[in-house]
Amino acid sequence: MQFWINVPRQISSHGSDAMDRPVRPESRPPLQTNQVAALQEEKDTAHLNIFPSSDPCFHRCGDLPVAVFVSASIIMEEGRRAQDNTHPYRCVPCNITFQGVRPFLNHHRNVRIPHTPPIQCSECLLNYEHLTSLVRHIKDVHYAEPAQGPGQEEPPEDPPEENADLEEMDGGEENQAEGEAEADSNSDYSADDGENNHPIDLSKSAGRMVLNLRQTGTITTSMIQRCQEECFHMMQEVAASIRQEVKKFFIQENINTPASRAFIKGIAVEDPFQRIKTLKQQLNYFSKELGLVKPVTKFLDYRIDYRLNSQSGQYEPVRTIMSFEYIPVIESLTLAMRNARVRTLIETEQLESPDGVLRSYLDGRRCKDNPLISRHPRIIRLQLYWDDVEVCNPLGSKTSIHKIAAFYFSIQNLPAVESSQLSSIYLLALAYSEDLKGPGRFEKILAPFLSDLRKLESEQGVVILLLNEDAYCLRATLTTLCADTLAAHEILGFLSPSARCFCRRCMVTRAQFRANMNVVAERRTKETFEAHAAQARIPGNSTLTGVKKGCPLHLSTAFDATKDAVFDIFHDLLEGVAHWVVSLALRSFILKDKYFTLSDFNGRISAFNYGVPDIKNKPSANFTDESLKGSKLKQTGSQMWCLIRVFGFLVANVPEDDKNLRLVNLLQSILLIVFAESIRPDDIDRLERLIEEHHRLFQELHVNNTVNVFNEDEFENEEQDVDNPDGQEQENDGQNREINDAAGDSDDSDENNLRADGQRPQRVVYKEVKVHARNKLHHMTHLPDEIRDHGNLVRYWCARYEARHQIFSRYGSVCCNFINIVKSMAQMHQLSTLSGLLKTNFRAEDIELQDPVKMPLMSSDHRDILTASGIDQASVVETVQAAGIAGETFRSGLFVILDASAPTFALIQHLYVFNNIVYLIVLPWRTVSFKRRYCAYEVKCEAGMQPIAVRHDALPQHGALGPWNPWNMRTVHVAPRTIIF
């Protein structure tokens with residue numbers, strides 16, 4: 001659209017007409033070259049065809065004395081200039097309003113201190129990275145109606161059906177009053193519909209997306225940036241699609257107002273990932289917005305490295321700084337306590353069991369001896385862990401080069417189901433393992449932690465601010481240390497497990513233990529430990545006591561190195577004793593008694609029906625001749641636990657009075673008590689008797705009478721490398737020898753005995769060899785006292801801490817830059833921890849349903865049973881195939897414990913869900929008896945039993961068990977994982 005402006009004739013000072021130059025409005029400054037070029041493109045060619053002129057901006061009209069032809073863009077520009085000088089612009093940080101855009105821009109350019117990006121719009125509170133983007137936004141959205149230029153005529157109104165102005169988006173403008181009136185008539189767009197009209201900050205959603213991607217540890221920074229670009233491109237496409245639909249709707253409804261045009265222009269998105277492109281930006285953003293605790297680099301020591309001199313071309317020694325990453329424990333606890341879910345669990349913890357059953361640390365003797373807990377019962381109890389982790393491929397060329405030492409801590413106050421979550425394990429420090437091999441290195445790494453711990457253990461505590469700005473007094477103390485034997489001895493100040501005095505609980509010597517496996521020597525105390533540490537400063541005295549230095553953790557108020565370093569039942573039992581007992585028993589069954597062959601046993605492992613709860617931990621059918629030498633089996637700790645429970649079912653043809661089978665049954669009974677979450681005092685006494693009988697039988701079968709063999713030296717090295725649990729002195733009494741193939745046997749040359757690969761089969765000959773008692777067997781004698789001191793030991797095992805190493809292994813597999821890998825690993829771990837703390841639901845409340853189908857209660861086949869359980873007849877329930885509740889799976893065909901006193905088991909027939917409660921339709925079975933050879937209860941279905949409904953939260957013991965059948969038998973047994981009472 002074009003406008004005509006009538007201008008009176010201009011007369012020069014010389015009296016001549018100023019007809020040789022274009023006449024412009026007085027308020028307009030001279031046009032620049034680029035403006036003239038733009039003006040030429042916007043001229044009305046039709047009008048120039050009628051009134052030709054040599055000047056594209058000026059021509060003479062016969063009806064007017066002087067006429068100036070100006071395009072619509074010039075008039076709109078004049079209006080915008082005038083509007084910029086009349087509309088207010090407010091600076092949000094300074095709270096100052098400027099009249100016009102020019103003073104506003106000068107203020108931002110001259111006063112830079114408070115004006116750091118993002119810059120906020122005072123009208124709609126949107127954030128912008130650049131000042132020009134903010135000014136453009138204010139002009140286009142809030143001040144979109146330009147003022148009319150001087151002498152501007154009202155343009156003719158276009159037909160409503162054409163909506164030319166809306167199509168062009170920059171056409172003629174309506175009168176301000178008319179626009180306001182029309183905007184008022186379309187009250188549907190301006191009225192508040194009751195929803196939250198605050199602008200949505202997409203940057204927070206973008207940050208959460210990046211955080212969730214980071215916490216897996218398997219995605220690189222470049223891949224995350226590519227995801228950001230694709231997401232922003234998709235958002236732009238969505239915004240463009242919405243603009244087209246809204247524009248189409250406005251045209252159909254004949255809506256053409258300044259507000260509608262501004263509304264269409266406002267449908268746009270800015271890049272929400274602008275501030276979180278790089279890893280550094282992400283860490284800063286999460287630290288500022290979500291409270292991420294960033295690692296702090298600490299100086300450790302100097303070392304000598306050899307670096308290539310580019311000038312001389314030779315490697316020269318260079319002193320290099322050794323450092324480690326420390327995550328401040330006070331900041332980590334502050335982040336945890338700001339989570340309302342975690343704070344609620346800590347403040348509502350049951351202080352002591354009223355029935356005398358040991359369920360947690362608060363029920364043990366060490367809690368009652370702790371002065372801090374006596375004064376502050378709700379104090380946070382910290383549990384420390386340390387271990388080495390290999391972040392590279394164990395079979396690669398960088399093995400042990402990038403091996404790192406990880407220090408963790410967890411909060412003991414949380415329930416077991418919550419503390420077992422990986423996000424509940426917090427990183428304390430991270431360092432290269434090689435850097436710890438020096439005097440005083442452990443003390444330097446633990447120094448910042450112990451410094452913070454002294455503040456937390458003080459009477460004043462540490463005052464922190466919660467999210468609601470309430471002050472909270474934070475107190476914490478160190479109660480226990482969890483580690484395998486080798487790691488515990490290193491950090492506590494004991495000699496290696498191969499020392500003469502190898503136990504950290506008593507002063508027993510190796511000779512005493514080999515003579516009597518049930519022996520317990522003089523108990524160590526904190527006072528005797530400090531005295532032995534002082535004696536260790538004299539060369540040669542450390543071997544007499546097993547102590548080589550003082551314990552740095554004794555700087556904590558109540559920590560005792562001789563009592564608070566709990567033996568790890570995961571390493572000692574599932575990755576130690578269980579391997580030896582099963583291997584020795586199989587050797588006797590297969591080679592000596594010949595009840596079955598090795599191939600038969602592997603076939604039984606593969607064919608056994610483990611059921612849904614145990615199928616993921618079923619043992620591997622990989623037993624070979626090497627497995628019969630009493631060495632470590634090729635099974636994980638979880639697989640060994642499943643194998644011990646199912647062992648009696650796999651060897652059902654072995655007589656019940658066999659002593660090796662009895663040894664396995666004793667170990668099964670020990671595991672039932674040790675891995676229980678609730679233990680009665682009578683169970684601890686029974687555990688002492690079981691361990692004594694187990695050791696006496698083990699010594700009778702495999703130590704004194706020498707009915708089994710393994711290479712002592714070979715097994716010792718294997719144990720050190722794999723488990724690092726303990727070692728022993730190398731002694732050769734002339735009786736140790738390996739199992740070798742029979743030399744000179746004529747069958748070896750028989751071609752018919754060749755295997756498919758052309759190799760002769762290895763024949764294992766049963767020989768009697770001396771078997772020495774191992775350190776882990778002695779640790780078992782202290783387990784009853786450990787339970788009395790600390791409660792149930794399953795809360796202290798290292799399995800969950802080792803699972804926390806997975807993020808390091810995953811990130812190590814995708815990381816291409818191993819320069820200062822410790823810092824990178826610490827950052828990834830902190831992002832993973834932050835992601836877990838942002839969750840607001842409890843783990844115990846997590847219910848995962850498989851194939852849920854809603855149906856009226858009266859349409860269910862079990863409506864009478866569900867109605868009797870308290871569900872209204874008019875209710876709608878969900879029927880499901882399976883339900884996962886707090887890590888346990890419930891489905892039809894599995895057994896649950898209905899009554900713990902008998903005990904009584906019931907078979908699940910169907911599952912319903914109502915109000916987030918799972919109702920199990922179960923059929924009770926009769927318990928026949930407890931079978932010692934299987935360590936399981938035999939159950940039988942009786943005629944006339946009626947199904948009943950049981951809520952999942954009303955079960956006496958959480959979890960379901962699969963029905964197990966002995967080999968070639970039809971009887972049904974239920975094998976519990978722990979004791980039932």
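Because only heavy atoms are used, hydrogens play no part in the values below, and waters and symmetry mates are left out as well, while side chains stay in.
Using a 4.0 Å cut-off between charged nitrogen and carboxylate oxygen, D435 and R441 do not count as a salt-bridge pair.
Between L450 and L478 the shortest side-chain heavy-atom distance does not fall below 4.5 Å. The closest side-chain heavy-atom distance from Y408 to C482 is not below 4.5 Å. The closest side-chain heavy-atom distance from V329 to L428 is below 4.5 Å. Here the side chains of C231 and M209 are in contact, with some heavy-atom distance below 4.5 Å. Two residues are said to be in side-chain contact when any heavy atoms from C-beta on lie closer than 4.5 Å; L446 and F407 meet this criterion.
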Side chain to side chain contact (heavy atoms under 4.5 Å, CB included) assessment of L345 paired with N413: CA-CA 8 Å; L345 292 175; N413 308 60; over 6 Å; no

Steps toward ring-ring contact (aromatic ring centres under 6.0 Å, His included) verdict (Y285, F273): CA-CA 11 Å; Y285 175 82; F273 304 100; over 10 Å; no

Side chain to side chain contact (heavy atoms under 4.5 Å, CB included) evaluation trace for F570 with D484: CA-CA 9 Å; F570 182 78; D484 57 38; over 6 Å; no

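Among residue pairs with one or both ends in residues 372-381, those qualifying as salt bridge (Lys or Arg N to Asp or Glu O under 4.0 Å) are E349-R381, R375-E459; sequence neighbours excluded. Residue pairs meeting the side-chain hydrogen bond (donor to acceptor under 3.5 Å, both in side chains) criterion with at least one member in residues 819-828, sequence neighbours excluded: T297-K823.
In this structure, the salt bridge (charged side-chain N to carboxylate O under 4.0 Å, His left out) partners of D789, at least two apart in sequence or on a different chain, are R365, R505.
At most 12 heavy atoms of other shown residues, nucleotides or ligands fall within 6.0 angstrom of atom NZ in K280.
In summary, the side chains of E677 and H958 do not present any donor paired with an acceptor at a separation below 3.5 Å, with no hydrogens or angles considered. No donor-acceptor contact under 3.5 angstrom links the side chains of S410 and R795, judged on distance only. Donor-acceptor pairing under 3.5 Å is lacking for the side chains of E418 and S424.
The aromatic rings of Y801 and Y385 lie parallel to each other, with less than 30° between the two planes, well short of the 60° mark.
For K563 against H790, the heavy-atom pair with the smallest separation is O-NE2, 2.7 Å. Between A406 and F808 the shortest heavy-atom distance is CB-CE1, 4.2 Å.
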